[in-house]
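Following: one structure in structure tokens, then a few remarks.
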Protein chains: 2
Amino acid sequence: MARRSDHSREEIREMALAAAEEIVSEHGHTGLSARKVASAIGYTVGTLYLVFDNLDDLILQVNGRTLDRLHAQMVKEQARYRDPRKRLLQLGHTYIHFADKDPHCWEMIFERRSPQAQKMPEWFREKVARMFSLVESGLEPLAEHQSSQEIAQAARALWSGVHGICILAITGKLDIAGVESVQDLTQSLMSNYLRGFTST
Amino acid sequence: MARRSDHSREEIREMALAAAEEIVSEHGHTGLSARKVASAIGYTVGTLYLVFDNLDDLILQVNGRTLDRLHAQMVKEQARYRDPRKRLLQLGHTYIHFADKDPHCWEMIFERRSPQAQKMPEWFREKVARMFSLVESGLEPLAEHQSSQEIAQAARALWSGVHGICILAITGKLDIAGVESVQDLTQSLMSNYLRGFTST
DNA sequence: ACCTGAACACCGTTCAAGT
DNA sequence: ACCTGAACACCGTTCAAGT
């Protein structure tokens, strides 16, 4: 057992988040528990409550980090293309790819823990908003005749669509096999929507 | 406490499912527990395990019933229109409306309980497939130049899109207010996709 | 035969007590 | 000051024992 000032508050926090990430990544959110995180970092359960408000708080922090990783990957992969249309489609593909590689962490973001509709803190809302901004920016060069409101709505519709494919595929409700089919479906959704959207 | 043959196996089963539905509907899936269901129907926990394999089995049964209610409502509401396009759009609206009225039951269908990717039983897969069929049937009159494979894929893309809007709206990640905005977004997604899809 | 209720191995969360 | 570890009120699941 670790004692006294073996680690600073910040160090414990970091260790706990890393341990939680690994547990979720391997066993899903149902495999996560305060006791498991604590024992993974060599501390007692009580210690976690000195660093986090509760387990939901810890989960929210992990989710924030997952969103960070996802965002970074989307930005990076997008940069591979110059063609605006390809750049936008790449966002969708990266999203699917991320969810496919680390389904458990990705799922946890959209899992509802608290009974009451808890308000998400501002820092978390911003991480989500950042994702929409990425899609909006990608849409802009393709939508010269549309207002910024229309673009904002289109970004939400598109991201929702890609997200829906993702979640149905992961929970096995789409009845299609392989990541490729999922990517095909994403491609179909995005390109048809775009054709409709830009032909106005 | 109920004793002996106060109720048949079937009656206990029905009582348990009804009780579980009410608990989930009111307090969400996190509020559901075997003990609560048992006490709500006046039996002990052990009794539930004579009627269901385990809690996941009970949840799957409840989810099946939710899918039945949703399907019935979609069929019914769709019948209000004759115009093929209106009929199809109505499917999306009914889906959103259902999720808005009973978010907790609806959410539970897409919640991942078991750690391992459990195979859904055939009877459940069929209930999901039935939903796709509804969308495919709605699409057919609008897609005279498309193959049945293309229609099948379009149905999946469309339903995924509507579903994605639904789940992001319910988990508060869309950052828009009111059901109306969600219905607007659904309308935008479906009509733009359809315009793209039918213009091929 | 049908159901109980206690037991087992887990939870999240708190907080007096130890070092 | 920092962390423990026991306690509380819950879980899902099982199964010998009662009626």
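What you see is a predicted model; the values in this text were computed from it and never measured. A, B, ... follow the sequence lines: proteins, then strands. Residue 1 opens every chain.
- In this entry C/dC11 has no Watson-Crick or G-U wobble partner, no candidate having both defining distances under 3.5 Å.
- No salt bridge links B/R156 with A/D184; every basic N to acidic carboxylate O contact stays at or beyond 4.0 Å.
- The distance between the ring centers of B/W159 and B/F132 falls below 6.0 angstrom.
- In this structure, A/K36 does not reach the C/dC10 phosphate: none of its side-chain N or O atoms is under 4.0 Å from OP1 or OP2.
- Distance A/L58 CG to C/dC11 P: 15 Å, rounded to the nearest Å.
- Across the strands present, D/dT4 finds its partner in C/dA16; the criterion is a Watson-Crick or G-U wobble pair with both atom distances under 3.5 angstrom.
- The listed nucleotides are C/dT13, C/dC3, D/dT13; the one nearest the side chain of A/N54 is C/dT13.
- The side chain of B/S33 lies closest to D/dC11, out of D/dC11, C/dC3, D/dC3.
- Using a 4.0 Å heavy-atom criterion, one finds that B/T47 contacts the bases of the nucleic acid, with or without backbone contacts as well.
- When the P atom of C/dC3 is taken as reference, atom NE2 of B/H7 falls 10 Å away, rounded to whole Å.
- The 5' end of DNA chain C is approached more closely, in terms of each residue's nearest nucleotide, by B/R9 than by the other of B/R9 and B/V45.
- Distance B/L50 CG to D/dG12 P: 16 Å, rounded to the nearest Å.
- Ion pair B/E14/B/R9 not flagged as a salt bridge, since none of the NZ, NE, NH1 or NH2 atoms sits closer than 4.0 Å to an Asp/Glu carboxylate oxygen.
- A/E150 and A/H145 are not linked by any side-chain donor-acceptor pair at a separation below 3.5 angstrom, with hydrogens and angles left out of the test.
- Comparing C/dG12, D/dG12, D/dC3 by their closest approach to the side chain of A/A34 singles out C/dG12.
- Closest to the B/R35 side chain, of the nucleotides D/dC3, C/dT4, D/dC11, is D/dC11.
- Rounded to the nearest 0.5 angstrom, B/E180 CD and B/D100 CG are separated by 9.0 Å.
- Which of D/dT4, C/dC3, C/dT13 sits closest to the side chain of A/Y49 comes down to C/dT13.
- Between the C1' atom of D/dA1 and the OH atom of A/Y43 lies a distance of 13 Å, rounded to the nearest Å.
- Atom CG of A/L48 and atom C1' of D/dG5 are 14 Å apart (whole Å).
- Going from atom CG of B/D6 over to atom P of C/dA1 covers 18 Å, rounded to whole Å.
- Between the CD1 atom of B/I12 and the C1' atom of C/dA1 there is a distance of 12 Å, given to the nearest Å.
- Atom NE2 of A/H27 is separated from atom P of C/dC11 by 12 Å (rounded to the nearest Å).
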